[in-house]
Amino acid sequence: MRMTELYAIGQKVEIGSYTFTEERIVHFATRFDPQRFHVDREAARHTLFGDLCASGWHNCAAWMRTFLDYWMAQSVRLAKEGLAAPKLGPSPGFEKLQWLKPVFVDETVTYSVTFLSSRPLASRPGWHLNKILNEGINQDGIPVIRFESSVLEFE
């Protein structure tokens with residue numbers, strides 16, 4: 001099965017949600033992005049953000065977690081229907097990453113994927129390069145993250 005058999009070009013699919021608790025924000029930032037507005041709530045109050053907020057990289061990682069969970073569930077669903085899910089990965093990269101609005105403590109971001117295009121790779125017969133638009137909106141429906149990525153699909 002190919003991605004183009006599963007999703008129409010332009011089709012948007014919600015893949016899951018992630019809640020950015022204070023504990024999660026501080027845990028991630030302490031390890032990977034220890035800026036004061038990500039690790040210390042009191043210090044964050046004296047920054048342009050005005051409160052503790054998640055690292056943009058944490059937002060990206062949460063998107064990846066929800067995408068992997070979604071794809072694993074899709075693969076199981078397809079297998080139960082007697083179908084083989086498309087073989088995906090790795091990604092050769094992403095572009096146009098935008099952190100549109102800070103994500104603060106206890107905000108929940110719901111992520112989606114829109115299938116943009118698919119093209120065969122001349123250098124690898126049977127392989128395709130799929131392009132997807134990835135977005136996240138907070139609990140108020142406000143966009144907080146957007147980026148385009150590519151993912152390889154192979155036989």
Side-chain angles (χ1 to χ4, degrees), residues 1-78 80-81 85-86 88-119 128-153:
M1 172 173 272
R2 295 253 352 272
M3 287 293 286
T4 53
E5 295 172 270
L6 239 133
Y7 303 104
I9 300 299
Q11 182 177 355
K12 185 175 186 172
V13 177
E14 189 175 291
I15 61 170
S17 298
Y18 181 91
T19 300
F20 289 83
T21 64
E22 183 170 356
E23 180 182 7
R24 284 175 162 179
I25 290 171
V26 172
H27 178 76
F28 183 93
T30 299
R31 297 180 69 212
F32 302 110
D33 192 359
Q35 297 181 74
R36 69 182 185 270
F37 39 81
H38 299 321
V39 296
D40 182 327
R41 195 159 200 179
E42 184 54 37
R45 287 188 172 103
H46 304 287
T47 70
L48 67 128
F49 295 112
D51 201 357
L52 189 72
C53 62
S55 165
W57 298 112
H58 187 180
N59 203 345
C60 290
W63 174 88
M64 190 71 211
R65 175 78 266 165
T66 59
F67 177 78
L68 290 174
D69 290 346
Y70 170 81
W71 190 248
M72 288 169 51
Q74 282 291 90
S75 297
V76 168
R77 180 188 65 78
L78 290 168
K80 287 180 180 176
E81 295 174 13
L88 301 180
S91 170
F94 67 92
E95 57 190 12
K96 301 178 186 173
L97 173 61
Q98 298 173 292
W99 292 313
L100 302 166
K101 182 184 178 307
V103 176
F104 294 101
V105 173
D106 294 331
E107 288 194 3
T108 297
V109 176
T110 300
Y111 299 102
S112 64
V113 171
T114 303
F115 191 44
L116 297 177
S117 65
S118 181
R119 69 173 176 83
H128 291 78
L129 183 65
N130 299 317
K131 183 165 256 191
I132 56 177
L133 172 64
N134 310 291
E135 299 173 286
I137 59 171
N138 69 12
Q139 67 284 341
D140 298 320
I142 299 169
V144 298
I145 187 171
R146 181 183 303 124
F147 63 99
E148 291 180 12
S149 62
S150 300
V151 62
L152 292 171
E153 179 180 345

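Here the closest heavy-atom approach between residue Gly136 and residue Tyr111 is recorded as CA-CD2, 3.8 Å.
At most 12 non-hydrogen atoms from other residues, nucleotides or ligands lie less than 6.0 angstrom from CD of Glu23. Heavy-atom neighbours of Met1 CE from other residues, nucleotides or ligands within 6.0 Å: above the threshold of 12.
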Verdict with supporting geometry, Val39 and Ile25, side-chain contact (heavy atoms from CB on, under 4.5 Å)
CA-CA 7 Å; Val39 296; Ile25 290 171; over 6 Å; no
Evaluate the salt bridge (charged side-chain N to carboxylate O under 4.0 Å, His left out) criterion for residues Glu153 and Arg119: first the C-alpha distance (whole Å), next the side-chain angles of each, then the deciding distance (0.1 Å), finally the verdict.
CA-CA 10 Å; Glu153 179 180 345; Arg119 69 173 176 83; over 6 Å; no
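Separation of atoms CD (Glu14) and OG1 (Thr66) is listed at 10.0 Å; rounding is to 0.5 Å. The distance from the CZ atom of Phe94 to the OG atom of Ser150 is 11.0 Å, given to the nearest 0.5 Å. A distance of 5.0 Å separates NE2 of His38 from SG of Cys53, quoted to the nearest 0.5 Å. To the nearest 0.5 Å, atom CG of residue Leu88 and atom CG of residue Leu152 are 9.0 Å apart. Atom CD1 of Ile137 is separated from atom OG1 of Thr110 by 5.5 Å, given to the nearest 0.5 angstrom. Rounded to the nearest 0.5 angstrom, Phe115 CZ and Met3 CE are separated by 5.0 Å.
In this structure, Val109 and Phe20 have side chains that are in contact, with non-hydrogen atoms separated by less than 4.5 Å. A 4.5 Å side-chain heavy-atom check between Asn138 and Thr108 finds every atom pair outside the cut-off. With contacts defined as side-chain heavy-atom distances shorter than 4.5 Å, the pair Trp99/Pro102 does not qualify. Counting only heavy atoms from C-beta outward, the side chains of Pro92 and Leu129 approach each other to under 4.5 Å. Leu133 is listed as a side-chain neighbour of Arg146, based on a closest heavy-atom distance under 4.5 Å. At a threshold of 4.5 Å between non-hydrogen side-chain atoms, the residues Ser55 and Phe28 count as touching.
Screening Asn134, Ile132, Leu116 against Glu148 for a side chain to side chain contact (heavy atoms under 4.5 Å, CB included) leaves a single residue, Leu116. Checking each of Ile145, Leu97, Leu100 against Asn59 for a side chain to side chain contact (heavy atoms under 4.5 Å, CB included) leaves exactly one that passes, namely Ile145. Each of His27, Arg24, Arg31 was scored for a side chain to side chain contact (heavy atoms under 4.5 Å, CB included) with His58, with one residue passing: Arg24.
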Could you go through residues 42-51 and list every donor-acceptor pair under 3.5 Å that involves a side-chain atom there, pairing it with any protein atom two or more places apart or in another chain?
residue: Glu42; atom: OE1; partner: Arg45; partner atom: NH1; Å: 3.3
residue: Glu42; atom: OE2; partner: His46; partner atom: NE2; Å: 3.2
residue: Thr47; atom: OG1; partner: Ala44; partner atom: O; Å: 2.7
residue: Thr47; atom: OG1; partner: Phe49; partner atom: N; Å: 3.3
residue: Asp51; atom: OD1; partner: Arg41; partner atom: NE; Å: 2.9
residue: Asp51; atom: OD2; partner: Arg41; partner atom: NH2; Å: 3.2

Which side-chain N or O atoms in residues 4-12 pair as donor and acceptor under 3.5 Å with protein atoms at least two apart or in another chain?
residue: Glu5; atom: OE1; partner: Arg2; partner atom: N; Å: 2.6
residue: Tyr7; atom: OH; partner: Tyr70; partner atom: OH; Å: 2.9
residue: Tyr7; atom: OH; partner: Gln74; partner atom: NE2; Å: 3.0
residue: Gln11; atom: OE1; partner: Ala8; partner atom: N; Å: 2.9
residue: Lys12; atom: NZ; partner: Glu135; partner atom: OE1; Å: 3.3

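Taking the six-membered ring for Trp and thresholds of 30 and 60 degrees, Phe67 and Trp63 have nearly parallel ring planes, at less than 30 degrees apart.
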